[in-house]
Structure formats: C-alpha cells, structure tokens
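In this text, all values refer to a predicted model and were calculated from it rather than measured experimentally. Per chain, numbering begins at 1; letters A, B, ... match sequence-line order.
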Protein chains: 2
Amino acid sequence: MPTDRADPRPRRIPEATVVRLPVYQRILAERLGAGEQTVSSEQLAERARVNAAKVRKDLSLLGSFGTRGTGYDTAFLIAQIDRALGVHRDWPVAVVGIGNLGRALVNSEGFSLHGFRIADLYDRDPNVVGQRVGPLLVRHIDDLHEPATGEAPAIGVVSTPAAAAQEVADALVNAGVRSILNFAPRVLTVPLGVILRYVDLSIELQVISFYLSRAEAGARPELPSEVAMWRSISLSARDPAPPP
Amino acid sequence: MPTDRADPRPRRIPEATVVRLPVYQRILAERLGAGEQTVSSEQLAERARVNAAKVRKDLSLLGSFGTRGTGYDTAFLIAQIDRALGVHRDWPVAVVGIGNLGRALVNSEGFSLHGFRIADLYDRDPNVVGQRVGPLLVRHIDDLHEPATGEAPAIGVVSTPAAAAQEVADALVNAGVRSILNFAPRVLTVPLGVILRYVDLSIELQVISFYLSRAEAGARPELPSEVAMWRSISLSARDPAPPP
DNA sequence: TCGTGTGAACCATTTCACAGCT
DNA sequence: AGCTGTGAAATGGTTCACACGA
C-alpha cells in the first residue's frame with residue numbers, strides 16, 4: 001500500500017531528483033497560470049526535456065499524487081513539491097557582497113517570486129555600508145555575528161569578488177549559517193555539515209565550450225549534440241570515509 | 001598501450017566528468033599560483049571534495065599525463081584540460097539583457113579570467129542601447145541577426161527578465177547561435193542541436209532548502225548532511241528517441 | 001482508453017584494489 | 001616508497017514495459 005498524503009517517513013530522494021523538482025515546479029506554475037487544471041507526466045517531460053518515466057518516478061517518490069487516466073492536479077502537485085522541498089518554511093537569506101552582482105541578485109525575480117526572504121545584506125566597502133538596497137540597509141561584514149534579526153540566517157549567498165570569498169564563507173559559518181550559495185569564482189572550504197553549492201559563470205562557459213568543440217569536431221553527433229542541461233554538475237561530497 | 005599526448009581520437013568523456021574538469025582547472029591554477037610545480041590526485045581530490053580515484057579516472061580520460069610516484073605536472077595538466085575543454089579556442093559571446101545582472105556578468109571575473117571574449121551586448125531598452133559597458137556599446141536586440149563582427153557569436157548569454165527570455169532565445173537561435181546560457185528564471189525551448197544550460201538562483205535556493213529541511217528533520221544524517229555541490233543538476237536531454 | 005505507479009532490465013558512474021612505473 | 005592508471009565490483013540512476021485504476 002503506497003503511503004498516502006503527508007508521508008510521515010519520507011523516502012530517500014536521490015540528488016538527481018531533488019534538482020529536477022524545482023524545474024517541474026516552474027513548469028507547473030506556468031501551466032497553472034495558463035489555466036491548466038491538470039497535467040500529465042508526458043507534458044511535464046516534454047517541457048523539461050526529460051523522459052516521462054523519469055517524471056513519474058520522481059513524483060512517485062513524494063507520494064501517489066496522480067490520477068490514472070487523468071494526470072496530476074496542477075495546484076495540488078505544486079503544493080506537494082513545495083512541501084518536499086521545504087519551501088513552505090521561512091528560510092532567511094543573507095547576501096554578502098553588494099556589488100553589481102549582489103544588487104542584481106537581491107532585486108531578481110529569483111528571490112521575490114519564490115518566497116525566499118532576504119534578511120540581511122553585508123558588504124565591506126564603507127561607501128556601500130549604510131546604503132539602502134530594496135527595503136534593507138547594507139550592514140558591515142563585521143556585524144555578521146550579530147544579525148539584524150537576532151538569529152543567524154539559514155542561507156548565506158556569497159557574491160563578493162573571488163579574493164574575499166573564503167573569508168566571507170568563514171565568517172558566515174562562524175555566525176552559524178548552515179548553508180552557502182557561492183557565486184564567487186573560487187573553490188571554498190567549509191566544515192562538514194555545511195551545505196555548499198556553487199553557481200559559476202566560467203564553469204558553465206567552459207562546459208559549453210566542451211560541447212561546442214565536440215559538436216564541431218565530430219560531424220556525426222558523437223555525443224548527441226542536443227545537450228540541454230540544468231546545471232548538470234555533480235561534485236557532491238559523500239562522506240569522506242565512514243570511519244570503519 | 002595508452003594513447004600518448006595529443007590524442008587523435010578522444011575517448012568519450014562522461015558528462016559528469018566534463019563538469020568536474022573546470023573545477024580541477026581552478027584548483028590547479030590556484031596551486032600553480034602558490035608555486036606548486038606538481039600535484040597529486042589526492043590533493044586535487046581533497047580540495048574538490050571528491051574521491052581521489054575519481055580524479056584519476058577523470059584525468060586518465062584525457063590521456064596519461066601523470067607521473068607515477070610523483071603526481072601531475074601542474075602547468076602541463078592545466079594545458080591539457082584547457083585543450084579537452086576547447087577553451088584554447090576563441091568563443092565569442094553575446095550577452096543579451098544589460099540590466100544589473102548583465103552588467104555584473106560582463107564585468108565579472110568569470111569572463112575576463114577565463115579567456116571568453118564578449119563580442120556583443122544587446123538590450124531592448126532605448127535608454128540602454130548605445131550605452132558603453134566596458135569596451136563595448138550596447139546594440140539593439142533587433143540587430144542581433146547582423147552581429148557587429150559579422151559572424152554569429154558561439155555562445156549567447158540570456159540575462160533578461162523571465163518574460164523576455166524565450167523571445168530572446170528564439171532570436172539568438174535565428175541568428176545562428178549554437179549554445180545558450182540562460183540566467184532568466186524560465187524554462188526555455190530551443191531546437192534540438194542547440195546546447196542549452198541554465199544558471200538559476202531560485203532553483204539553487206530550493207535545492208538548499210530541501211537539504212536544510214532534511215538536515216533539520218532527521219537528527220541522524222539521513223542523507224549525509226554534508227552535501228557540497230557544484231550546481232549538481234542533471235536534466236540533460238538524451239536523444240528524444242532514436243528513430244527505430 | 002488513458003496515464004500513473006513500479007518492478008525489472010539496463011546503463012552510467014563511482015569506488016575499490018592492485019599491478020606497474022618512477 | 002609513492003602515486004598513477006585501470007580492470008572489476010558496487011552503486012546509483014534511468015528507461016522499459018506493463019499491470020492497474022479512473
């Protein structure tokens with residue numbers, strides 16, 4: 001008997017699935033906006049450029065939410081994915097590095113449209129500290145350990161130059177931040193237990209360069225040249241070694 | 001006998017490896033800057049947070065470049081990875097959408113430090129068109145089909161608002177651009193054969209949210225909570241179906 | 001009839017473990 | 001003695017194919 005509704009013991013969700021869920025989310029929101037009450041795995045799959053079986057498998061990990069012969073209820077599925085992702089909660093975000101990039105991120109649709117709340121902005125430049133960006137004042141990095149709201153933000157976004165990134169990451173970790181999203185083109189070191197993800201322009205460009213070269217070199221699609229990807233990297237750290 | 005030096009028939013390189021190569025690159029550059037002539041798979045692995053065997057396997061796909069008992073020659077390995085990635089070539093890039101984000105990207109270390117040449121800037125806003133950004137003038141989107149340099153750029157970067165992204169992608173494709181890096185929070189549709197990658201703040205935040213929830217829920221590290229990742233998504237499109 | 005949910009087969013990637021070179 | 005390169009085993013993820021329910 002498949003677990004019904006709010007699953008008390010959620011199955012293990014593979015990392016590969018986790019990164020697809022937000023994509024399905026976005027497609028669902030789109031379809032809901034277009035008035036589609038219901039959506040099939042086939043439709044989701046086409047838009048996401050994946051196999052329909054994969055969509056069904058992914059979604060079935062969250063529970064049995066579809067209706068045979070009909071598909072999935074759009075709004076209901078959105079809610080379920082939200083729940084699985086934990087997005088229904090409030091995750092305060094601190095952005096460190098309020099240059100061009102930081103400002104762009106703060107004002108971006110990525111934050112506002114998806115319920116993440118920017119709690120604090122930090123910079124080191126005295127000309128920037130004290131400025132108003134959106135609804136917030138930029139604070140000095142050294143005040144990181146005592147956030148405006150009194151509690152450490154859940155997520156730290158690093159949008160400083162590469163040279164400052166490690167130092168900022170250290171400061172975030174010391175302040176009790178449990179996860180870091182790094183935009184600086186720099187490999188970071190953080191303690192085990194801190195969630196770390198990278199967003200990196202030059203890495204993406206290099207990956208594209210690779211596939212461009214291949215597409216050009218082999219006239220025949222040696223690697224099928226239609227490589228469409230959502231940030232398809234996977235340097236996920238497993239346990240360094242379960243102590244035997 | 002392992003193929004030596006410039007391999008005329010390069011092995012197939014798995015996608016998973018392709019995305020790690022730029023990371024190794026960055027670490028190597030770092031070590032070279034620190035004066036390390038040579039580096040071991042163990043050292044690379046530690047910094048990249050991966051298994052050393054993986055590093056060796058990845059690198060052995062490019063050829064046999066290491067020296068047993070010693071490790072890899074740092075500078076030489078950098079050159080080899082560059083070659084594998086095709087970064088030694090000139091890939092002109094067009095950036096469409098010169099708002100906060102576009103400007104941040106154009107001025108970022110990601111471009112300048114990694115040899116990608118920005119060939120064209122485009123926007124739709126008449127107030128922006130004609131402006132000077134870095135060494136370039138912003139041109140109007142409608143001039144996309146006739147790029148300043150006369151030849152279509154190899155890579156198109158989309159940094160417009162979500163609402164304009166599909167339209168811009170279409171224009172890029174029509175202009176002959178073979179690959180797109182999309183920063184807009186929007187699922188795009190492009191013809192088969194066009195390389196498409198996404199960089200997406202809100203997706204990353206949602207993925208982090210998932211792991212934060214899990215880390216919090218299960219006191220025991222249900223999924224080992226140290227999930228460190230390089231943009232680990234993988235919605236890669238395989239051939240829709242090899243026509244039978 | 002249509003489309004989900006899912007075992008089972010398949011394929012890709014990771015890790016182990018060790019032979020072989022320096 | 002140290003570290004690469006790589007078969008072979010283990011793991012993880014994808015796709016097939018079909019029973020089942022609406």
*asked:* As a test of understanding, state which of B:Ile195, B:Ile180, B:Leu172 forms a side chain to side chain contact (heavy atoms under 4.5 Å, CB included) with B:Val190.
replied: B:Ile180

*Separation of B:Ile13 atom CD1 from C:dT14 atom P, in whole Å?*
13 Å

*Which residue lies toward the 5' end of DNA chain D, B:Leu59 or A:Ala53, if each is placed at its nearest nucleotide?*
B:Leu59

*So does B:Lys57 reach the base of C:dT15 with its side chain, donor to acceptor, closer than 3.5 Å?*
yes

*Calculate the interatomic distance between B:Arg12 atom CZ and C:dT13 atom C1'; express it in whole Å.*
10 Å

*Could you tell me whether the phosphate oxygens of D:dG13, OP1 or OP2, come under 4.0 Å of any side-chain nitrogen or oxygen in A:Asn51?*
no

*In whole angstrom, give the distance that lies between atom CD of A:Glu42 and atom P of C:dT4.*
9 Å

*asked:* Heavy atoms from C-beta onward define the side chain here; which of D:dT6, C:dT13, C:dT4 lies closest to that of B:Arg56?
replied: D:dT6

*Would you mind reading off the distance between B:Leu61 atom CG and C:dA12 atom C1', rounded to a whole angstrom?*
13 Å

*Interatomic distance, A:Ser202 atom OG to B:Glu109 atom CD [nearest 0.5 angstrom]*: 9.5 Å

*Are OP1 or OP2 of C:dC2 and a side-chain N or O of A:Tyr72 less than 4.0 angstrom apart?*
no

_Atom-to-atom span, CG of B:Leu77 to C1' of D:dC3 - whole angstrom_ = 14 Å

*Hey, does A:Gly69 reach any base, or is it just sugar-phosphate, or nothing, if we go heavy atoms under 4.0 Å?*
base

_Closest-nucleotide mapping onto DNA chain D: is B:Ser60 or A:Thr70 further toward the 5' terminus? I mean the 5' end._
B:Ser60

*Let me know the distance between CD of A:Glu46 and P of C:dG3, rounded to the nearest Å.*
13 Å

_For B:Leu32, the option from B:Val39, B:Asp73, B:Thr74 that meets side chain to side chain contact (heavy atoms under 4.5 Å, CB included)_ = B:Thr74

*From C:dT13, D:dT14, C:dC16, pick the nucleotide closest to the side chain of A:Arg20?*
D:dT14

*Interatomic spacing from CD1 in A:Ile27 to CD in A:Glu46 - rounded to 0.5 Å*: 10.0 Å

*Could you give the NZ-to-P distance, from A:Lys54 to C:dT6, as a whole number of Å?*
19 Å

*B:Phe65 has an atom CZ; how far is it from atom P of D:dC3, in whole Å?*
21 Å

*Is it true that a side-chain atom of B:Ser209 and a backbone atom of B:Leu205 form a donor plus acceptor pair closer than 3.5 Å?*
no

_At less than 4.0 Å, is any side-chain N or O atom of B:Thr67 found next to OP1 or OP2 of C:dT22? Yes or no._
no

*Ignoring hydrogens and angles, answer whether the base of C:dC2 and the side-chain atoms of A:Arg68 contain a donor-acceptor pair closer than 3.5 Å.*
no

